[in-house]
Amino acid sequence: MGMNGNNDPLSDTKKKLRFNMNDERNSLSNIQREQWSNEAIYHMMQVLESMKISNFLVYISFRSELNTRPLIEWGWSKGLQVLVPRCNPKDYSMDIYSLRDWDELSSGSYGIEEPNPLRTSAFGHQCVPDVIIVPGLAFDRMGGRLGYGRGYYDRLYERLQPYVDHRRAPILIGLGYEMQVVNKVPMGRHDAMLDILVTEKAIVNCDKEGNDGINSFQ
Ligand SMILES: Nc1nc2c(c(=O)[nH]1)N(C=O)[C@@H](CNc1ccc(C(=O)N[C@@H](CCC(=O)O)C(=O)O)cc1)CN2
Ligand SMILES: Nc1ncnc2c1ncn2[C@@H]1O[C@H](COP(=O)(O)OP(=O)(O)OP(=O)(O)O)[C@@H](O)[C@H]1O
């Protein structure tokens, strides 16, 4: 048993699932990826359109993640403030920046394109995004999610808590391919549950109480 708590049975199960899901996502063809990407992004636009929001936080996709770039352009066209995180591998924290143009990005940690602090304006440390779009390797319909295993999004959610007035907690929306949805992602005490899950097939209102999510599509 490691001192850092990373050798417990939960992180072992997570590690295996991470490995398998990463493999599966990488095996998608470019055409499949692009088609599902566009359909999922279209669903995400519908979800965001139905909400009264002035901003959303979204990641810049890397590896075989679905392509979030069209969503960012859509956000700009709608006059929404598009927020993008920049991660600090030293403490696994993330800072938030407001992105207005593609030239404000540069290559950051893990080869992910991230806001260049010299060219972007920081979103205040105490500012809470209306919506946080969360990447993942696996999701479930109850709001469970598995990431790359550094707890970046869980830490961000926790860091924001002191600034959340409970009527305006950020809405967590998972975004991924339907093939990433599994029966149950093992969750630990730090893990923040998703409110909504969006894929190319469905928009799921996650039931954090543990019952099956309600599928509003198909
Ligand atoms: N587009 C995007 N941005 C994101 C995330 C994401 O999932 N997608 N993250 C989501 O939280 C954070 C980045 N998390 C990451 C964590 C680990 C690795 C990584 O390369 N890990 C190595 C293994 C390292 C090790 O175990 O020692 C690897 O996978 O090869 C990459 C990203 C923040 N930004
Ligand atoms: N808020 C937190 N404070 C301190 N440690 C945390 C927090 N959230 C997660 N951790 C720790 O970070 C490690 C990785 O967590 P986890 O396996 O849940 O990552 P993940 O959600 O898959 O990754 P990511 O969010 O980076 O995609 C675990 O050891 C976990 O205990």
Side-chain angles (χ1 to χ4, degrees), residues 1-26 33 37 40-41 44 56-72 82-97 99 102 105-117 120 123 128-129 132-140 142-164 169-170 172-177 180-182 184-194 197-198 206:
M1 194 61 83
M3 291 299 286
N4 58 9
N6 280 342
N7 291 328
D8 58 74
L10 177 62
S11 53
D12 213 49
T13 319
K14 280 188 171 185
K15 219 177 274 175
K16 284 182 189 135
L17 185 59
R18 200 170 277 134
F19 185 81
N20 291 335
M21 298 307 285
N22 197 31
D23 256 13
E24 253 184 75
R25 201 182 64 190
N26 286 339
R33 216 177 272 171
S37 228
I41 292 296
M44 184 61 85
F56 62 91
L57 176 82
V58 65
Y59 57 96
I60 309 289
S61 33
F62 82 138
R63 299 185 184 162
S64 48
E65 285 175 343
L66 59 77
N67 184 8
T68 57
R69 286 163 182 82
L71 185 68
I72 292 174
V82 178
L83 306 170
V84 174
R86 178 179 175 83
C87 52
N88 307 307
K90 269 185 289 159
D91 57 2
Y92 306 130
S93 67
M94 290 201 289
D95 297 316
I96 302 175
Y97 292 85
L99 193 81
W102 295 118
L105 294 175
S106 57
S107 184
S109 310
Y110 313 107
I112 302 172
E113 281 196 273
E114 292 185 325
N116 181 337
T120 5
F123 190 57
V128 180
I132 299 180
I133 298 175
V134 187
L137 285 165
F139 302 94
D140 69 36
M142 289 86 76
R145 167 215 170 237
L146 179 76
Y148 278 102
R150 292 291 174 266
Y152 277 104
Y153 279 84
D154 301 322
R155 282 185 179 79
L156 174 68
Y157 192 71
E158 195 174 288
R159 174 177 86 63
L160 294 172
Q161 288 317 301
Y163 314 112
V164 169
L172 297 185
I173 311 183
L175 176 63
Y177 306 106
Q180 296 178 276
V181 181
V182 300
K184 179 143 184 50
V185 175
M187 295 291 275
R189 68 189 169 92
H190 282 305
D191 298 329
M193 302 292 282
L194 304 173
L197 173 62
V198 173
C206 301

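For ligands, and for the atoms within them, numbers begin at 1 and follow the listed sequence. As the structure is a prediction and not an experimental result, all values here were calculated from the model.
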**Message:** Under 4.0 Å, counting heavy atoms only: does Gly149 come that close to any atom of ligand 2?
**Reply:** yes

**Message:** Using the side-chain contact (heavy atoms from CB on, under 4.5 Å) criterion, which residues pair with Pro85? Sequence neighbours excluded.
**Reply:** Leu57, Met94, Tyr153

**Prompt:** Among Tyr59, Phe19, Phe62, whose ring pair (Phe, Tyr, Trp, His ring centres under 6.0 Å) with Tyr148 holds?
**Reply:** Phe62

**Item:** Aromatic Tyr110 / basic Arg150 pairing, under 6.0 angstrom, 45° off normal
**Value:** no

**Prompt:** Against heavy atoms of Asp154, which atoms of ligand 2 measure under 4.0 Å?
**Reply:** 1 (N), 8 (N), 18 (O), 21 (O)

**Item:** Numbering as shown, the atoms of ligand 2 that approach Tyr153 to under 4.0 Å (heavy-atom distance)
**Value:** 25 (O)

**Request:** Mind checking whether Leu137 contacts ligand 2 via backbone (N, CA, C, O), side chain (CB onward), both or neither, at a 4.0 Å heavy-atom cut-off?
**Result:** neither

**Asked** Thr120 and side chain to side chain contact (heavy atoms under 4.5 Å, CB included): which partner among Leu105, Leu99, Val84?
**Response** Leu99

**Message:** Given 3.5 Å as the limit, does a donor-acceptor pair link the side chain of Asn26 with the main chain of Asn22, or not?
**Reply:** yes

**Asked** If you count the atoms of ligand 2 from 1 in the order shown, which ones are under 4.0 Å from a heavy atom of Asp191?
**Response** 18 (O)

**Complete:** Going by the 4.0 angstrom heavy-atom rule, the piece of Glu158 near ligand 2 is side chain

**Fill in**
Ranking Arg189, His190, Lys14 by closest non-hydrogen atom to atom 9 (C) of ligand 2, top hit is His190

**Matching residue for Val185 among Leu137, Thr13, Leu146, Leu194 - test: side chain to side chain contact (heavy atoms under 4.5 Å, CB included)** = Leu146

**Prompt:** Which atom names give the shortest non-hydrogen contact between His190 and Asp154, and what distance separates them?
**Reply:** O-CB, 3.6 Å

**Prompt:** From Gln180 CD over to Arg145 CZ, what is the distance, rounded to the nearest 0.5 angstrom?
**Reply:** 10.5 Å

**Prompt:** Say you draw a straight line from CZ of Arg155 to SG of Cys87; how long is it, rounded to the nearest 0.5 Å?
**Reply:** 11.5 Å

**Complete:** Heavy-atom proximity to atom 26 (O) of ligand 2, picking from Ser11, Gly151, Gly188, points to Gly151

**Message:** Using 0.5 Å steps for rounding, measure from the CD atom of Glu158 to the CG atom of Asp191.
**Reply:** 11.0 Å

**Message:** Taking a cutoff of less than 4.0 Å between a non-hydrogen atom of the residue and any ligand atom, is Arg159 in contact with ligand 2?
**Reply:** no

**Option whose closest heavy atom lies nearest to atom 5 (N) of ligand 2, chosen from Arg18, Arg155, Met187** = Arg155

**Asked** Taking atom CD1 of Ile41 and atom CG of Leu71, what is their separation to the nearest 0.5 Å?
**Response** 4.5 Å

Quick one: ligand 1 N/O to protein N/O pairs below 3.5 Å?
unit_1	atom_1	unit_2	atom_2	d
ligand 1	1 (N)	Ile60	O	2.8
ligand 1	1 (N)	Glu65	OE1	2.8
ligand 1	7 (O)	Glu65	OE2	3.3
ligand 1	8 (N)	Glu65	OE1	3.4
ligand 1	8 (N)	Glu65	OE2	2.7
ligand 1	20 (O)	Arg63	NH2	2.9
ligand 1	26 (O)	Arg150	NH2	3.0
ligand 1	27 (O)	Arg150	NH2	3.2
ligand 1	29 (O)	Arg63	NH1	3.4

**Asked** Within the structure, does Leu146 bring an N/O atom to less than 3.5 angstrom of an N/O atom in ligand 2?
**Response** no

